[in-house]
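Step one of this worksheet: look at the structure below.
The sequence lines fix the lettering, A, B, ..., with proteins before strands; numbering per chain opens at 1. Predicted model only: the values in this text are computed from it and were never measured.
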Amino acid sequence: GENVEQHPSTLSVQEGDSAVIKCTYSDSASNYFPWYKQELGKGPQLIIDIRSNVGEKKDQRIAVTLNKTAKHFSLHITETQPEDSAVYFCAAFWGAQKLVFGQGTRLTINP
Amino acid sequence: GAVVSQHPSWVICKSGTSVKIECRSLDFQATTMFWYRQFPKQSLMLMATSNEGSKATYEQGVEKDKFLINHASLTLSTLTVTSAHPEDSSFYICSGLVRALETQYFGPGTRLLVL
């Protein structure tokens, strides 16, 4: 089955700096990679996603890159703000409909 | 994005009782919904896949007789935790699949505390 590894588990950055979270996946058949943001006590919220036919996607301060050969993808947040503090999960779409999640990264933005 | 609601948002029950959690897709038809469980500071663990009009598919290690899933309409799936015990206390989250986008949208979660 699919396996997704996510690093780091915790990340602390100064407000205004950039944050990068990386994930690797095992199944080369995976073709869809979403990123979710989860705030305390809430459900995951889709923030950006990328499909296997593109290498990079950007939405304002958030970008995702995908390297299919190496089977890894990354989330980049620029100009971080306090409200970016949350737990971020990467995921890989597997088996036609299932999502396999990474372990999560707790991001803290220090003012 | 698509909107998914859950009810209740939190519930406290006594050990041995059953609890039903509802998951609704508000602005799309979800032929497939998923139920996850999340323990504190852990990732989401898929419990089962629910397809409208058919039996749910449970992940390995999830007791189908304890976690009853019903998906009788295109916008509603329910999870019933039967004979709940303290170890069932967790955060239960559902999601609906927008098949055209191959994207899952999550509900806000239900926190269950079994005393």
*Cut-off 3.5 Å, side chains only: do B:N51 and B:T32 have a donor facing an acceptor?*
yes
*Parallel, tilted or perpendicular: which describes the rings of A:W35 and A:F73, with under 30° parallel and over 60° perpendicular?*
perpendicular
*Measure distances from A:L46 to the heavy atoms of chain B and classify the residue's part below 4.5 Å as side chain, backbone, both or neither.*
side chain
*Are A:Y36 and B:F106 close enough that their ring centres sit under 6.0 Å apart?*
yes
_Atom group of A:P34 that falls short of 4.5 Å from chain B, counting heavy atoms_ = neither
_Engaged part of B:T103 at the chain A interface, taking heavy atoms whose separation is under 4.5 Å_ = both
_Portion of A:Q38 that has a non-hydrogen atom of chain B nearer than 4.5 angstrom_ = side chain
_Between A:T80 (side chain only) and A:D17 (backbone N and O only), is there a donor and an acceptor less than 3.5 Å apart?_
yes
*Against chain B, work out which of A:D49, A:V100, A:L99 has the most heavy-atom pairs shorter than 4.5 Å and name it.*
A:L99
*Non-hydrogen atoms of chain A under 4.5 Å away: do they reach the side chain of B:Q6, the backbone, both or neither?*
neither
*If you draw the axis of the six-membered ring of B:F91, does the NZ or CZ of B:R111 fall within 45° of it and under 6.0 Å from the ring centre?*
yes
